[in-house]
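Note sheet for the following structure.
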Amino acid sequence: MPLQLLSQRLEKIQHDGLYRSLRSVERTTPQVFVEGRQALLFCSNNYLGLAEHPSLAQAAADAALQYGTSSAASRLVSGNQPLHAMLEAKLSAWKGTETALLFNSGYAANTGIIAALAGRGDIIFSDRLNHASIIDGALLSGARLIRYPHNDTQALARLLEQHQADGLRLIVTDGVFSMDGDIAPLQGIADLAEQHRALLMVDDAHAGGVLGHQGRGTVDYCGVTGRVAIQMGTFGKALGSFGAYVACSRLVRDYLINRSRSLIFSTSLPPAVLAASAAAVELVQAEEGQQLRQQLADNSNLLRSLLQQAGYKVPDGCTPIVPVMVGEAEITTRFSTRLLEEGIFVQGIRPPTVPNGTSRLRCTVMASHSPDQIQQAAAAITRIGRELGVL
Ligand SMILES: *Cc1c(COP(=O)(O)O)cnc(C)c1O
């Protein structure tokens, strides 16, 4: 009986065109094998190509051979190793903050940080298009959650005016929005946070390594250095590794070590991952990182302009996330399937990841794409868009 219920629920998901399944994808390079067939990869977050960079792989291999494969405990028990401190020191130097604190993933960071900072009697103001892990953290916290219209500082100002609290007020926003590729108006939001005495948290999962001087992220890019109390970032995207961090003050770090459940009750990151992340943080600050960012910006511009010329309403921008709006979930799935048949791999993104009626192809470019590969992708997206009546 209980399993039958699950099967009925799954059928409903299928009926709504929202069924998900796993595809086997070999590698993170522009040329990949998807379910055994060759395709060009246009939906990875390996923006700078670091996931297959020899210096990261070498650092990981060396660390595994020297220190073993696991930390074998939470940081608060016996899993706090010198490599954790070494990486945190590199992070705070890069970000220009007092300290940094590692988390096991972006998901674990957002749920762990938000639920530790806020609780009953507190209010969280969250952009409507924030990542699911932020929402989950807010729900877990027990604080009141107020979602403000996307990137709308006037609406946020009104809501801050309306909703006073005796406790803490936390404003949280993605730096770069993961499914749209646009950037939060951090100047305006930082002004509001200061005026209304709210704590400000930015999730920079898609900007670390990509935007700002030496790839420091949206806080640097938007000119609000020193005004964002909690900068969360991840290693699994442009930094080509795995895990996450918060760059913050000593006070916030100390508080999180004492209160954050995803930090306290979870085995810490293993040596190989820490060493690869450290190599990535060094690389994005070096000349090579600058060259890769330039290549990435050129590639992003090329894909945007080719799709715009073809008639797509792709927003201008400078991030590697290029959404092609479709609308209906089912057509989006068909679009993605047809593209793969033509050798272009782009996943369709559907509810609940994005709001109803805004299903899309989320195309992402990498520094490692050649102009020719980008032209091939744009041509296929144009041809199949016409075939499906999307264009
Ligand atoms: C990917 C992502 C996360 C989750 O990070 P993981 O390290 O993959 O768990 C959190 N926030 C945003 C905005 C993301 O895009």
Side-chain angles (χ1 to χ4, degrees), residues 22 25 28 43-48 50-51 56 87 91 100-117 124 126-141 147 150-151 170-184 186 189 200-212 215 217-219 221-222 228 230-247 260-263 266-270 273-274 276-277 280-281 317 319-323 347 349 352-355 360 362-366:
L22 300 175
V25 182
T28 51
C43 55
S44 172
N45 302 315
N46 183 22
Y47 302 126
L48 298 177
L50 299 192
L56 271 69
L87 178 53
L91 281 166
L101 181 65
L102 295 168
F103 281 85
N104 287 354
S105 71
Y107 188 89
N110 279 338
T111 51
I113 293 166
I114 295 169
L117 292 174
I124 297 168
S126 168
D127 187 289
R128 195 159 275 291
L129 296 188
N130 274 347
H131 192 262
S133 55
I134 293 175
I135 309 300
D136 291 358
L139 295 176
L140 203 56
S141 75
R147 301 176 76 190
H150 178 52
N151 277 353
L170 174 69
I171 302 171
V172 53
T173 181
D174 282 10
V176 168
F177 286 84
S178 50
M179 297 301 139
D180 294 78
D182 55 347
I183 298 171
L186 291 186
I189 296 175
L200 176 56
M201 170 170 173
V202 172
D203 173 344
D204 238 0
H206 291 279
V210 172
L211 291 182
T218 50
V219 169
Y221 180 83
C222 296
V228 177
I230 297 149
Q231 287 186 63
M232 172 273 191
T234 66
F235 291 110
K237 287 161 182 158
L239 292 171
S241 181
F242 182 75
Y245 60 87
V246 56
S260 182
R261 295 172 68 86
S262 66
L263 177 92
S266 193
T267 301
S268 63
L269 291 170
V273 167
L274 296 166
S277 296
V281 172
T319 72
I321 302 166
V322 184
Q347 282 284 11
I349 307 289
T353 308
V354 292
R360 69 200 65 180
R362 175 183 179 271
C363 308
T364 52
V365 291
M366 304 189 281

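Just follow the structure's listing: the first ligand is 1, and inside any ligand the first atom is 1.
- In this structure, N110 CG and H131 NE2 are separated by 8.0 Å, a value rounded to the nearest 0.5 Å.
- In this structure, F235 and L91 have side chains that are in contact, with non-hydrogen atoms separated by less than 4.5 Å.
- Annotation: side chain of L129 is not in contact with side chain of D174 (no heavy-atom distance under 4.5 Å).
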- Which is it for F242 and T234 under the side-chain contact (heavy atoms from CB on, under 4.5 Å) test, yes or no, and what are the steps along the way? CA-CA 7 Å; F242 182 75; T234 66; over 6 Å; no
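- Of all the heavy atoms of I134, none lies under 4.0 Å from any atom of ligand 1, so neither backbone nor side chain is involved.
- Annotation for ligand 1: atoms under 4.0 Å from non-hydrogen atoms of S133 are 10 (C), 11 (N).
- Close contacts of ligand 1 with H206, meaning ligand atoms under 4.0 Å from a residue heavy atom, involve 14 (C), 15 (O).
- Residue contacts with ligand 1: G106 is placed with a nitrogen or oxygen under 3.5 Å of a nitrogen or oxygen of the ligand (distance criterion only).
- The D174 neighbourhood of ligand 1 comprises atoms 13 (C), with distances under 4.0 Å to a heavy atom of that residue.
- Heavy-atom minimum distance, C222 versus A184: SG-O, 3.9 Å.
- Checked by atom type and distance alone, the side chain of N46 pairs as donor or acceptor with a backbone atom of A51 at under 3.5 Å.
- Listed by number with element, the atoms of ligand 1 under 4.0 Å from a non-hydrogen atom of K237 are 1 (C), 2 (C), 3 (C), 14 (C), 15 (O).
- Heavy-atom contacts of T234 reach the following atoms of ligand 1: 5 (O), 7 (O) (cutoff under 4.0 Å).
- Interface of D203 with ligand 1, defined as ligand atoms under 4.0 Å from a residue heavy atom, comprises 10 (C), 11 (N), 12 (C), 13 (C).
- Taking every heavy atom of S178 and a limit of under 4.0 angstrom, the matching atoms of ligand 1 come to 15 (O).
- Heavy atoms of A244 come nearer than 4.0 angstrom to ligand 1 in no pair at all.
- A donor and an acceptor atom, one from each side chain of H150 and D180, are nowhere located under 3.5 Å apart.
- Among all protein heavy atoms, the one lying closest to atom 9 (O) of ligand 1 is Y107 N, 2.9 Å.
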- Task: Before giving the answer on side-chain contact (heavy atoms from CB on, under 4.5 Å), spell out for T173 and L186 the whole-Å C-alpha distance, their side-chain angles and the decisive distance to 0.1 Å.
- Result: CA-CA 9 Å; T173 181; L186 291 186; 3.9 Å; yes
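- Less than 4.0 angstrom separates some heavy atom of S105 from each of these atoms of ligand 1: 7 (O), 9 (O).
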